[in-house]
Amino acid sequence: MNTFTVKAYGAESKTADLQELHIERREVTPKDVEIEILYCGVCHSDLHTARNDWGGSMYPAVPGHEIVGRITNIGSEVSKFKIGDLAAVGCMVDSCGHCDSCKHALEQYCQNGFTGTYNGKDKHLGGHTFGGYSQKVVVDEHFVLSVPENLDLAAVAPLLCAGITTWSPLRHWNVGPNSKVAVVGLGGLGHMAIKLAKGLGAEVTLFSRTPGKTEDAKNLGADYVVISTEQDQMDAVKGKFDVIIDTVPYEHDINPYMQTVALNGTLVLVGFVGEFENESPSTRPMIFQRRSVAGSLIGGIAETQELLDFCGKHNIVSDIELIKMQDINEAYERMLKSDVKYRFVIDMQSL
């Protein structure tokens, strides 16, 4: 297969800083779309992969799965796009296409495993996939998304991960104007959960451990803020929420939040991936009020397009800090300190 070379930023090992390097992209096949990358969001998953925090990282690792750009070439059988169109790519670039999940537009749950935009198995060139910290990307048109022209393109980028990660459970659990939704954690995921739940018409509450985030939360659209360390405030919202979106990315005690879930309600974990070793959930509040604890992972392609269209209609984007590609290592260190409101996005022109 013919290839071409592009500049990228990646890590050569788990202890190495990201630096400029060159990678190969395939020439477009009949169903492919080639995209010049204009902006790429920075996700915690990028950092975890670069540093092999989860194990299984393949090097050189070129992260980036919040990609927004413009189409520069298309294959002969591409029907959805034309050269010059705005386009986006999220966390997936392929799936098996024939399992039950894929047939129901739930590619993120592909029973044979979806192909990640980076650190996945490259079915075309062998080796592993490289992400959006690069000049261009080539993707099957099924996994390419249309971007509304009216939105700030840089601020669209985090919708491809942080946005869809919170949109999918809001839609799955039928959040709408009569819903009472709570959000745990005000970071990249949490701030999008507030905006999207509010956009869907729900009454939205933020759970925060400190009062310092109250003003920010209300500016984002939250109706109420409950300080989770204040027992009287927690008691006042017992049994209130139909859906809680828990975005906290580390092990934490969900038992206090379970008491605030309504009858038949659900607490959905979207941030923490791993074992609850020290803070195991109690089954008592679940059994006695038919409450559920669930998990949710990004969204399928159709659902992600629905999100982008919804955001275009309601003018919803992420709150971002735009950085140069050369500042990515500093940005990673700041992410570890939660020193960003609320998502870094790379201006790829700097590459």
Side-chain angles (χ1 to χ4, degrees), residues 1-3 23-35 43 45 49 54-58 61-69 71 73-82 85 87-132 136-147 159-174 268-270 273 294-310:
M1 176 174 283
N2 293 329
T3 63
I23 59 173
E24 296 297 306
R25 297 293 194 193
R26 68 179 184 270
E27 295 283 359
V28 293
T29 66
K31 287 287 189 181
D32 280 340
V33 171
E34 177 189 290
I35 301 168
C43 177
S45 301
T49 299
W54 295 333
S57 294
M58 294 175 276
V62 176
H65 58 202
E66 300 178 348
I67 299 167
V68 176
I71 294 173
N73 196 9
I74 60 173
S76 59
E77 297 177 16
V78 169
S79 59
K80 300 178 185 176
F81 302 96
K82 63 182 186 301
D85 284 350
V89 177
C91 303
M92 304 177 286
V93 292
D94 208 348
S95 69
C96 79
H98 55 75
C99 70
D100 285 344
S101 296
C102 289
K103 288 179 180 178
H104 288 89
L106 296 170
E107 298 92 347
Q108 77 273 33
Y109 301 121
C110 176
Q111 291 160 335
N112 295 296
F114 69 79
T115 300
T117 303
Y118 60 82
N119 207 56
K121 182 179 179 181
D122 190 325
K123 297 179 182 178
H124 299 270
L125 299 180
H128 61 279
T129 53
F130 298 120
K136 290 190 174 186
V137 66
V138 178
V139 181
D140 184 291
E141 73 165 335
H142 177 75
F143 290 86
V144 178
L145 300 144
S146 297
V147 178
L159 299 180
L160 282 306
C161 180
I164 187 58
T165 296
T166 50
W167 175 258
S168 186
L170 291 170
R171 294 291 285 148
H172 180 75
W173 276 277
N174 299 312
V268 188
L269 296 161
V270 298
V273 179
S296 182
L297 175 71
I298 54 174
I301 298 303
E303 195 171 46
T304 307
Q305 188 63 62
E306 177 191 63
L307 164 67
L308 291 172
D309 294 342
F310 179 86

**Q** Run the side-chain hydrogen bond (donor to acceptor under 3.5 Å, both in side chains) test against His98 and tell me which residues pass, sequence neighbours left out.
**A**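 So His98 forms no side-chain hydrogen bond (donor to acceptor under 3.5 Å, both in side chains) with any residue.
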**Q** Go through the structure and list residues passing side-chain hydrogen bond (donor to acceptor under 3.5 Å, both in side chains) with Thr3, not counting sequence neighbours.
**A** Glu24
**Q** How would you list, by chain and number, every residue that makes a salt bridge (Lys or Arg N to Asp or Glu O under 4.0 Å) with Asp32, sequence neighbours excluded?
**A** Arg26
**Q** Tell me every residue that passes side-chain hydrogen bond (donor to acceptor under 3.5 Å, both in side chains) with Gln108, counting only those two or more places apart in sequence or in another chain.
**A** none
**Q** Checking Glu306 now: which residues fulfil salt bridge (Lys or Arg N to Asp or Glu O under 4.0 Å) with it, not counting sequence neighbours?
**A**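 Partners of Glu306 under the salt bridge (Lys or Arg N to Asp or Glu O under 4.0 Å) test: Arg171.
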**Q** Would you say Leu160 and Val89 make side-chain contact, with heavy atoms under 4.5 Å?
**A**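 No, side chains not in contact.
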**Q** Within the side chain of Thr129, is there an N or O that forms a donor-acceptor pair under 3.5 Å with the backbone of Asn119?
**A** yes
**Q** For Phe81, enumerate each residue passing the ring-ring contact (aromatic ring centres under 6.0 Å, His included) test, keeping only those at least two apart in sequence or located in another chain.
**A**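 Result, ring-ring contact (aromatic ring centres under 6.0 Å, His included) vs Phe81: none returned.
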**Q** Applying side-chain hydrogen bond (donor to acceptor under 3.5 Å, both in side chains), can you list everything that pairs with Asp309, at least two apart in sequence or on another chain?
**A**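 For Asp309 the side-chain hydrogen bond (donor to acceptor under 3.5 Å, both in side chains) partners, ignoring immediate neighbours, are Gln305.
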**Q** Taking salt bridge (Lys or Arg N to Asp or Glu O under 4.0 Å) as the test, write out the residues that go with Arg25, two or more places apart.
**A** none
**Q** Could you work out, with side chain to side chain contact (heavy atoms under 4.5 Å, CB included) as the rule, every residue matching Ala294, not counting sequence neighbours?
**A**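 For Ala294 the side chain to side chain contact (heavy atoms under 4.5 Å, CB included) partners, ignoring immediate neighbours, are Trp173, Thr266.
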**Q** For residues 99-125, which residue pairs pass the ring-ring contact (aromatic ring centres under 6.0 Å, His included) check, not counting sequence neighbours?
**A** His65-Tyr118
**Q** Sort and list the pairs that fulfil salt bridge (charged side-chain N to carboxylate O under 4.0 Å, His left out) and have at least one residue in residues 93-120, not counting sequence neighbours.
**A**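 Pairs touching residues 93-120 that pass the test: Asp94-Lys123.
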**Q** List in chain and number order the residues that pass salt bridge (Lys or Arg N to Asp or Glu O under 4.0 Å) with Glu303, two or more places apart in sequence or in another chain; answer none if no residue qualifies.
**A** none
